[in-house]
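Only one structure is covered here, and it is reproduced in the block below.
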Amino acid sequence: MPKKVLNKRMNTQILQFNTKNIELCAEEISKGGIVAFPTETVYGLGADALNATAVKKIYAAKGRPSDNPLICHISDRSQVEKFAYITPMAEKLIDVFMPGPLTVVLKKKNVPDVVTGGLDTVGIRMPDHKCALALIDACKVPLCAPSANTSTKPSPTTARHVFDDLNGKIAYILDGGACGVGIESTIVDCVNGAILRHGGIPREEVERVVGKLGSPPKSDVPLCPGMKYKHYSPNATVILAACGDDQRQRIKTAYDNLSGKKVIFSTTDDYDGRNVCIVGADIREYAHNVFALFRKMDDENYDYIICEGVPEAGLGSALMNRLVKASGGNII
Ligand code: AMP
Ligand code: MG
């Protein structure tokens with residue numbers, strides 16, 4: 001066992017995924033601690049969802065506003081009905097997409113208010129990741145887990161990203177390598193029939209299973225991350241060039257008008273020899289790499305990142321949502 005530290009700052013250890021370390025992390029969680037772990041979307045920062053004191057530590061470590069609810073992660077589909085009232089829509093989605101990057105929002109049962117930001121609903125997801133499932137199994141409770149980054153920063157897709165943000169604030173980071181999807185889950189409100197956040201499963205695939213979905217209902221409380229708060233932003237200023245005929249020219253003009261260190265995120269174009277970072281050959285790769293590249297540009301002290309926008313279809317809707325938020329509305 002690592003030595004207990006007397007002051008509040010602890011030494012954060014990155015642990016390889018193996019049975020011994022899963023047990024170590026499960027013990028930390030059962031004592032009311034918080035642990036970062038990989039999922040197929042991004043790294044999560046987990047606590048026992050039934051322990052309100054532990055859950056508060058997540059908000060403190062991230063600097064996350066307390067009215068922004070957390071998703072509960074389970075390791076077995078049968079756990080959904082222990083913590084929520086299932087609807088026919090949820091049943092269909094669970095059948096097709098669980099485990100996977102899709103969160104169902106349902107009326108809650110037995111879930112502390114601190115997890116749900118005071119809402120009477122709860123978001124539930126089963127990650128499609130060996131390490132996450134092993135940890136949840138070992139804990140024998142659902143783990144509520146937002147992304148394991150400092151609030152407002154790009155989401156972490158490697159153990160190192162988590163360390164860079166949370167070193168000294170949590171005991172352990174389970175390292176399961178780079179996340180496969182690279183952006184967060186799609187959130188479906190299965191009470192009102194609406195997509196609350198675009199994510200790893202495209203709207204089109206969800207609607208193929210449950211039919212046309214609505215837009216989120218108007219509300220004073222945040223129904224989804226990013227609806228109210230700044231999100232996913234690197235230190236560099238992000239400029240998003242929306243799709244359109246003259247996109248290439250807009251990007252070149254914006255680039256040429258800026259002084260300071262700048263880079264263009266592009267899928268294929270070299271923009272006539274300007275400083276271009278190829279983000280991937282297609283939208284799936286762009287989504288997979290975008291947060292890691294934001295962080296890399298910050299490490300290299302870039303002032304500006306100009307991002308090629310993509311069509312808002314399929315995974316492109318989720319990617320554009322993240323790019324719009326990261327740009328803070330700075331769209332050309
Ligand atoms: P993240 O910040 O990426 O961990 O995603 C968690 C997000 O899931 C929250 O910010 C919420 O917006 C959404 N979420 C969780 N629980 C609920 C809920 N009960 N109702 C609506 N959205 C929820
Ligand atoms: Mg997040």
Side-chain angles (χ1 to χ4, degrees), residues 34 36-47 49 55 58-59 61-74 80 83-87 90 101-127 132 142-157 161-162 165-166 179 181-201 213-234 287 290-291 294-295 318 321-322 325-326:
I34 55 178
F37 61 96
T39 79
E40 81 280 34
T41 58
V42 302
Y43 272 70
L45 181 58
V55 174
I58 292 181
Y59 286 97
K62 281 180 60 80
R64 179 177 173 109
S66 62
D67 58 353
N68 193 357
L70 305 176
I71 293 169
C72 289
H73 293 70
I74 56 170
V80 179
F83 300 103
Y85 296 91
I86 298 191
T87 63
L102 186 121
T103 297
V104 291
V105 168
L106 292 162
K107 292 277 183 208
K108 72 176 181 182
K109 276 184 201 168
N110 316 318
V111 182
D113 277 349
V114 63
V115 172
T116 61
L119 298 171
D120 62 353
T121 52
V122 60
I124 301 183
R125 177 170 108 78
M126 181 164 141
L143 298 184
C144 61
S147 50
N149 54 326
T150 301
S151 207
T152 78
K153 291 289 154 208
S155 301
T157 57
H161 297 159
V162 180
D165 277 16
L166 299 181
C179 301
V181 178
I183 54 175
E184 298 79 356
S185 62
T186 303
I187 302 180
V188 182
D189 175 347
C190 295
V191 180
N192 300 299
I195 297 222
L196 300 184
R197 174 176 74 186
H198 293 293
I201 308 269
L213 289 168
S215 302
K218 295 224 179 321
S219 171
D220 290 340
V221 271
L223 293 165
C224 231
M227 276 186 173
K228 171 169 161 189
Y229 302 109
K230 185 179 166 198
H231 244 89
Y232 318 119
S233 308
V290 66
F291 288 139
F294 278 166
R295 283 176 177 267
N321 166 272
R322 305 311 185 269
K325 302 287 179 205

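Every number for a ligand or one of its atoms is a count from 1 in the order of the listing.
Between Leu70 and ligand 1 there is a heavy-atom distance shorter than 4.0 Å. No heavy atom of Lys108 sits closer than 4.0 Å to any atom of ligand 1.
Side chains of Arg125 and Thr39: a donor on one and an acceptor on the other come within 3.5 Å. The closest side-chain donor-acceptor pair between Thr41 and Ser185, if any, does not fall under 3.5 angstrom. Donor-acceptor pairing under 3.5 Å is lacking for the side chains of Glu184 and Ser147.
Of all the heavy atoms of Arg64, the ones lying under 4.0 Å from any atom of ligand 1 belong exclusively to the side chain.
Interface atoms of ligand 1 facing Pro146, defined by a heavy-atom separation under 4.0 Å, are 4 (O). Of all atoms in ligand 1, listed by their number and element, those nearer than 4.0 Å to a heavy atom of Leu196 are 21 (C), 22 (N). Listed by atom number, the atoms of ligand 1 under 4.0 Å from Glu184 heavy atoms are 3 (O). Using a 4.0 Å cut-off to heavy atoms of Ser147, the atoms of ligand 1 that qualify are 4 (O). Residue Leu119 has at least one heavy-atom neighbour below 4.0 Å for each of these atoms of ligand 1: 18 (C), 19 (N), 20 (N). Taking a cut-off of under 4.0 Å to the non-hydrogen atoms of Ile71, the atoms of ligand 1 that pass are 5 (O), 6 (C), 8 (O), 15 (C).
Every N/O-N/O distance between His231 and ligand 1 stays at or above 3.5 Å. Of the polar atoms of Asn68, at least one N or O is found under 3.5 Å from an N or O of ligand 1, judged by distance alone. Checked by distance only, ligand 1 and Thr121 come closer than 3.5 Å through their nitrogen or oxygen atoms.
Partner of Val111 under the side chain to side chain contact (heavy atoms under 4.5 Å, CB included) criterion, out of Leu70, Thr121, Thr116: Thr116 alone.
Side-chain N or O atoms of Thr150 include none that pairs as donor or acceptor with a backbone N or O of Lys153 at under 3.5 Å. Within the 3.5 Å criterion, the main-chain N or O of Ala326 finds no donor-acceptor partner in the side chain of Arg322.
Electrostatic pairing of Asp113 and Lys108 counts as a salt bridge here, judged by a charged N lying under 4.0 Å from a carboxylate O.
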Take Phe83 and Cys72 through the test side chain to side chain contact (heavy atoms under 4.5 Å, CB included) and record every step on the way to the result. CA-CA 9 Å; Phe83 300 103; Cys72 289; over 6 Å; no
Side chain to side chain contact (heavy atoms under 4.5 Å, CB included) between Lys107 and Val191, worked out: CA-CA 7 Å; Lys107 292 277 183 208; Val191 180; 4.3 Å; yes
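Among the atoms of Ser155, no N, O or S atom falls under 2.8 Å of the Mg ion (ligand 2).
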